[in-house]
Amino acid sequence: NHLLASDNRYPNANELRLDIVRKFDVFYLATQLQWLVALLSGQDIIYPLSAEEHEKAGLKMQGLLLMTDTGNYLSEPIIKVYYHLANLFLKQNTQEHLAAVKDWLNEYAPLTVQADLIPICKLACNYCIGEFKQGNTGYLAYTNYFYEFRFAKGLLPEAGGRIVPADFKNIVTIKCRLGQFQEASEFTQQYGHCLPASHKGLPEYCNGQIAFYAGDFETATQYLEQAERKDNIDYLQVTRLLIKSYFGLLPDKSDLLLSKLKTVETRLYQLEKEKRMMPTTKKTQLAFLTFCNKLFKLATMPDRQRASEKLTGLGSDLYSEIETQYTSADKDWLLATCKRITGI
């Protein structure tokens, strides 16, 4: 075909040239879209891009999407799915494009090799988890769908019978948030052996998480206090959940809670100094601790003040402050705890 395309006497030479050029364009579009989507997908999950990097990546992505639209390249399956993923990370008609990714998986999964399916599912999950971390709890069901899809298609556990620790934690968190405690417990027991040796203690944290969301705060604290001593489990995740468990046991755990709030704040500055934490992560964690400290003060007010209208007024003010100023995934818990403590 290459030789024929270079022969002007061949009657279909121009057609062959256009076909070859299109193949180059498809290859270019597919690889560039994959690279940029992977880059932007880490924004809310792994590493935040600088404003300049994010803008530059966004502009390049817009150019690729324009090329896709004007060149009628959506007939190419691999370009089609990354086109929808790109629109997700650019925050454009996200519900429409998220539904399109689901439809694509159902249509093309039987024709696509696992090596291509796994990153597509992971990128879709990254988008949904990023939205959840920003307080959009409606994306939990979507995230659950993509994980269930991977199990159904034999994409989990991955090659060698392993499950990445981040996926393991995400699956338990999602099922707990959806109220599927039995499923979460069964998953932890069934797949705990699929974790790498360095994370064999992770099921302890997950059991604490299951107990917390099921309302058994006493059991949750027992698991979480053990998990907190393990270096290979995310310290901030464990302590944040432990703080919430202590709140569930007030007034019995007031001394432990106060001590934990002070310790975590000191630890945040230490982690930042050691360059083990992004400034944006520290900012979010400090905001959470600030509201926890305010809730603790209201919860430990003297009885005579708690019986007065003062507590209700302070509770209403704090509720409004959380509602307008806090945008992360713990927002619903902060608001519910404020209601419970102050009776508003």
Side-chain angles (χ1 to χ4, degrees), residues 133 135 165-166 169 172-173 176-177 199 201-303 305-306 311 314-315 318-319 321-322 325-342:
K133 289 179 72 175
K169 285 189 289 186
V172 174
T173 300
C176 287
R177 296 289 298 229
H199 285 75
L202 185 55
E204 241 170 31
Y205 165 71
C206 292
N207 286 329
Q209 197 175 24
I210 295 166
F212 170 80
Y213 283 107
D216 186 355
F217 303 120
E218 189 66 51
T219 301
T221 57
Q222 292 172 10
Y223 278 118
L224 294 170
E225 284 171 350
Q226 293 176 41
E228 194 180 27
R229 303 187 187 102
K230 307 268 173 63
D231 292 336
N232 56 4
I233 302 176
D234 189 320
Y235 169 80
L236 294 176
Q237 282 186 336
V238 176
T239 52
R240 192 164 59 243
L241 196 58
L242 188 54
I243 285 169
K244 292 197 280 189
S245 298
Y246 287 153
F247 266 104
L249 294 170
L250 286 177
D252 292 347
K253 301 286 184 177
S254 57
D255 291 341
L256 280 173
L257 176 54
L258 180 59
S259 173
K260 185 60 63 182
L261 289 171
K262 291 178 179 178
T263 303
V264 174
E265 187 169 352
T266 303
R267 181 73 170 141
L268 286 176
Y269 287 101
Q270 183 182 347
L271 289 171
E272 184 188 35
K273 186 177 180 181
E274 295 171 355
K275 300 190 182 303
R276 293 167 60 189
M277 176 189 293
M278 295 289 186
T280 49
T281 304
K282 189 194 80 170
K283 183 179 178 182
T284 302
Q285 296 295 332
L286 283 177
F288 174 73
L289 288 176
T290 297
F291 286 121
C292 283
N293 276 304
K294 291 182 178 182
L295 286 169
F296 180 76
K297 287 179 181 178
L298 294 181
T300 54
M301 286 176 67
D303 290 341
Q305 291 183 350
R306 291 183 59 80
L311 178 63
L314 291 171
L318 181 55
Y319 189 93
E321 192 179 346
I322 295 169
Q325 296 182 21
Y326 196 80
T327 58
S328 294
D330 294 304
K331 183 175 183 175
D332 55 349
W333 175 83
L334 288 168
L335 292 173
T337 304
C338 184
K339 279 185 175 181
R340 178 173 60 82
I341 288 173
T342 62

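Applying the salt bridge (Lys or Arg N to Asp or Glu O under 4.0 Å) test to pairs two or more places apart or on separate chains, those with a residue in residues 238-251 are R240-D330, K244-D330.
The ring pair (Phe, Tyr, Trp, His ring centres under 6.0 Å) test applied to F247 returns W333, not counting sequence neighbours. Contacts of E321 classified as salt bridge (charged side-chain N to carboxylate O under 4.0 Å, His left out), with partners at least two apart in sequence or in another chain: K294. Contacts of K339 classified as salt bridge (charged side-chain N to carboxylate O under 4.0 Å, His left out), with partners at least two apart in sequence or in another chain: none.
Residue C292 comes nearest to L334 through the heavy atom pair SG-CD2, 4.4 Å, listed as atom of the first residue, atom of the second, then distance. Heavy-atom minimum distance, L286 versus L268: CD2-CD1, 3.7 Å. Across every non-hydrogen atom of Q209 and L241, the tightest pair is CA-CD2, 3.6 Å. What you find for G315 and T342 is that their closest heavy atoms are CA-CG2, 3.6 Å. Scanning all heavy atoms of the two residues, the minimum distance from V264 to T239 falls at CG2-CB, 4.0 Å. The two residues S328 and T284 have their closest heavy-atom pair at OG-CG2, 3.3 Å.
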Output a table of donor-acceptor pairs, distance under 3.5 Å, between side-chain atoms of residues 248-262 and any protein atom two or more places apart or on a different chain; print 'none' if there are none.
| unit_1 | atom_1 | unit_2 | atom_2 | d |
| --- | --- | --- | --- | --- |
| S254 | OG | P251 | O | 3.3 |
| K260 | NZ | E228 | OE1 | 3.1 |
| K260 | NZ | E228 | OE2 | 2.7 |

List the atom pairs, donor and acceptor, that lie under 3.5 Å between side-chain atoms in residues 214-222 and the rest of the protein, sequence neighbours left out.
| unit_1 | atom_1 | unit_2 | atom_2 | d |
| --- | --- | --- | --- | --- |
| D216 | OD1 | T219 | N | 3.3 |
| D216 | OD1 | T219 | OG1 | 3.2 |
| D216 | OD2 | T219 | OG1 | 2.6 |
| T221 | OG1 | F217 | O | 3.3 |
| T221 | OG1 | E218 | O | 2.7 |

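One distance of note links OG of S245 with CG of L224; it measures 5.0 Å at 0.5 Å rounding. With rounding to the nearest 0.5 angstrom, the OG1 atom of T337 is 14.0 Å from the CZ atom of F296. L335 contributes atom CG, which lies 6.5 Å from atom NZ of K331 (distance to the nearest 0.5 angstrom). Taken from CG in N207 to CD in Q226, the straight-line distance is 10.0 Å, to the nearest 0.5 Å.
Y223 OH: 12 or fewer foreign heavy atoms inside a 6.0 Å radius.
Considering only heavy atoms from C-beta on, R267 comes within 4.5 Å of Q270 through its side chain. The closest side-chain heavy-atom distance from T263 to T266 is not below 4.5 Å. For the pair K297/L314, no side-chain contact is recorded, criterion being any heavy-atom separation below 4.5 Å from C-beta on.
Relative orientation of the F291 and Y326 rings is perpendicular, given thresholds of 30° and 60° on the angle between their planes.
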